[in-house]
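The structure appears right after this line, and notes come after that.
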Amino acid sequence: MSEFKSDFLRTLKERGFIHQVSDETGLDDLLAKETVTAYIGFDPTAPSLHAGGLIQIMMLHWFQQTGHRPISLMGGGTGMVGDPSFKDEARQLLTPETLNANIAGIKKVFSNYLTYGDGPKDALMINNADWLLAINYLEFLRDVGRHFSVNRMLAFDSVKTRLDREHSLSFLEFNYMILQAYDFVELSKRYGCRLQMGGSDQWGNIINGIDLGHRMGTPQLYALTSPLLTTASGAKMGKSLSGAVWLNPEMLSAYDFWQYWRNTEDADVSRFLKLYTTLPMDEIARLSALGGAEINEVKKILATEVTAMLHGRAAAEQAAETARKTFEEGGLSENLPSIDVAAGELEAGIGLLSLIVKAGLAASNGEARRHVQGGAVRINDAAISDERRVIGTADVSADGVIKLSLGKKKHILVRPA
C-alpha cells in the first residue's frame, strides 16, 4: 500500500519495521477503526533476552503507543519443546523450573517498554503454559491435529533447511509449529487477539495460526513480520565480540550496553535510530544528514537513547559521562565495570593472562596471550608486552584500583576485596 490509514502501520513503515503483512488492507482498516490486540511470543531459553530481540519489543511498544493492546507471550509451554526454525540441531530441553526462572528474569525488561495493567489498552503478559500444559493429547489430535497437512509442513523453509542438510528433525520439534498455531487460536478466543507479529523467520508459523483459526472458527487473523536484522558488515544483531548483548543489567552493565550501540557501524546509524529509539522522524533525518566526525556524536545520541529506554535516563547519561571521562579526558571513572579480586590473591600475585580471563576480556589464556602479543593490553594505561607479567598490590593505583584495558574501548577496574 502507498499510504496506511492506521497510525501503527504508518509508524512501522516509516521506521523500517515491516517485512511482510498477510492482508495489508484488511489489517489497516481494522487498526484504523478499533482497538486491536496483538502478540509476539518469546521463548525463555535464557534468563534474559538479548539485543537481537529488541526489534520485537519495540514493535509492541509502538503498538501500544498508537492506541492498541499488546501481549508479550512467554513460552513456558512451547519452551519445553523448542523452536526448530532454521536451527541445525534440536534445542536443549529445559525443565519447568529453569523455564520459570528464565521467565522471571525476562519479565523485568518488558515494563521498561510497555505499560501493563487492566485497562483496555494496557499490555498483558501471558504464559502459554496456562493452556498447553493442560492439553489432553488425544483430544488435541482430534480437534487440532487433523487440520494440519504434513506435506505442507514439510514445505516450510524452517523444516526444509534442516532436511536439505540431512539434519535430524524430531517429532517433538515438528509439533512446535502446531503448538504455536494453537497459541494464536487460544489468544484469539481468550483475549480477542487478531494479530501476531514476529521476525521474518516466523512467517510460516504465523500463517499456520491464521489457517488454523479459520478452520476453528475465529475471526479473521493477521500476520506481520519484521526483517531479520544484521549489521552492515553482516554480523548478527545482539552479538558482540565478547558474547551476547544481554538486556538484563545483572548480565550486562548499562555501560557495556551503551558501548555496544556507541560502536555501531556508520552505515547502520540512521536505520538503528529509526528502529531502536523513539526520537521523532524529523530529528532522525537531521541526525542522519550529519557526516564526518559528527557521526560519532550521533552514535553517542543513539547509544544514550537506546540505553535510556532499557536502563533509565540517569543510567544512560552516567554511561555516556563514564565514556567521555575514559576516552576524551583519559581519566579514570569509578563507573567503569569492575571485578573484585581477593586481596590475598593480589598480594601473592596473579598472572596477567589469568586476570584478563577473570575480567571477561578473553575466553581463554590462549586468547589473552594473543591480545598481549598484539599490543592491545594495558595496565593503568601503560602497554604490557610481557605475557608472563604478574599483577600484584604494587599495581594498585592511588585510586585504590587497577585499570585493565583491552584496546581503546574495553576497560575493567580490578578492585582488591
Side-chain angles (χ1 to χ4, degrees), residues 15-19 40 42-43 45-59 83 85-89 91 109 157-158 161 165 198-203 225-249 251-277 284 287-288 291 295-307 309-311 316 319 323 327 337 356 359-364 366-368 370-371 374 376 405-412:
R15 287 183 173 267
F17 282 93
I18 297 178
H19 179 67
I40 297 178
F42 299 87
D43 269 348
T45 53
S48 169
L49 299 176
H50 60 67
L54 259 186
I55 187 170
Q56 312 301 334
I57 298 174
M58 290 300 294
M59 288 167 77
D83 182 0
S85 298
F86 301 97
K87 306 292 189 300
D88 286 342
E89 297 175 357
R91 286 192 187 276
V109 164
D157 286 345
S158 57
T161 303
R165 294 175 183 169
S200 59
D201 60 331
Q202 293 298 316
W203 180 254
T225 60
S226 60
L228 283 186
L229 282 188
T230 57
T231 65
S233 62
K236 193 173 182 180
M237 278 301 298
K239 302 284 186 181
S240 69
L241 290 175
S242 55
V245 182
W246 299 110
L247 303 186
N248 285 32
M251 296 179 69
L252 189 77
S253 70
Y255 174 80
D256 285 333
F257 186 77
W258 189 93
Q259 279 293 336
Y260 172 75
W261 297 98
R262 165 63 182 86
N263 294 332
T264 294
E265 297 171 46
D266 291 2
D268 288 326
V269 173
S270 178
R271 185 167 59 124
F272 287 1
L273 283 167
K274 294 175 186 175
L275 290 171
Y276 297 113
T277 81
I284 291 174
L287 293 172
S288 300
I295 193 74
N296 286 321
E297 295 307 310
V298 180
K299 289 180 184 180
K300 293 173 190 174
I301 292 170
L302 168 68
T304 300
E305 291 301 314
V306 179
T307 305
M309 286 198 77
L310 177 62
H311 293 285
F327 303 125
I356 293 170
L361 296 177
S364 65
E367 183 183 344
R370 288 192 293 275
H371 288 319
S405 304
L406 176 63
K408 295 181 179 180
K409 296 180 179 178
K410 290 191 175 181
H411 309 275
I412 302 285

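Just so it is clear, the structure is predicted and the values come from calculations on it, not from any experiment. The chain is numbered in sequence order, starting from 1.
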Check this for me: does any side-chain nitrogen of one of K410 and D256 sit under 4.0 Å from a carboxylate oxygen of the other?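 Answer for the salt bridge query: no.
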
Does a salt bridge link K300 with E297, judged by any charged N lying under 4.0 Å from a carboxylate O?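 Salt bridge: yes.
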
First locate atom [atom1] of [X], then atom [atom2] of [Y], and finally report the distance between them rounded to the nearest 0.5 Å.
X	Y	atom1	atom2	answer
L302	K274	CG	NZ	13.0 Å
K299	W258	NZ	CH2	11.0 Å
K236	L229	NZ	CG	11.5 Å
I301	N296	CD1	CG	11.5 Å
L252	H311	CG	NE2	6.5 Å
L273	E305	CG	CD	8.5 Å

Closest non-hydrogen atom pair, [X] against [Y]:
X	Y	answer
A319	A254	CB-O, 4.1 Å
Q56	S226	NE2-OG, 3.3 Å
F17	P227	O-CD, 3.3 Å
R271	A232	NH2-N, 4.2 Å

[X] side chain to [Y] main-chain N or O, any donor-acceptor pair under 3.5 Å?
X	Y	value
E265	S233	yes
T264	D268	no
R15	T277	yes

Could you go step by step and tell me if V306 and Y260 meet the side chain to side chain contact (heavy atoms under 4.5 Å, CB included) rule? CA-CA 10 Å; V306 179; Y260 172 75; over 6 Å; no

Going by atom types alone, do T225 and Q202 pair a side-chain donor with an acceptor below 3.5 Å?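 T225 vs Q202: no donor-acceptor pair found between side chains.
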
Are the side chains of H371 and L361 in contact, using a 4.5 Å heavy-atom criterion?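 No, every pair of side-chain atoms sits at 4.5 Å or beyond.
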
Quick one, D201 and L228 - any side-chain contact, counting heavy atoms below 4.5 Å?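 A side-chain contact exists here, since the closest heavy-atom pair is under 4.5 Å.
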
Measure the acute angle between the ring planes of W261 and F272, then classify it against the limits of 30° and 60° as parallel, tilted or perpendicular.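 Correct class here is perpendicular.
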
Hey, mind stepping through I295 and V269 against side chain to side chain contact (heavy atoms under 4.5 Å, CB included) and telling me if it holds? CA-CA 8 Å; I295 193 74; V269 173; 4.3 Å; yes

Going through the checks in order, is the side chain to side chain contact (heavy atoms under 4.5 Å, CB included) test met by M237 and T231? CA-CA 6 Å; M237 278 301 298; T231 65; 4.0 Å; yes

Begin with the C-alpha distance, continue with both residues' side-chain angles, and end with the deciding distance and a verdict on side chain to side chain contact (heavy atoms under 4.5 Å, CB included) for L247 and L310. CA-CA 7 Å; L247 303 186; L310 177 62; 4.1 Å; yes

Test of understanding: with side-chain hydrogen bond (donor to acceptor under 3.5 Å, both in side chains), list the residues that count as partners of S48, not counting sequence neighbours.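 If we apply the side-chain hydrogen bond (donor to acceptor under 3.5 Å, both in side chains) test to S48, skipping adjacent residues, the hits are N248.
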
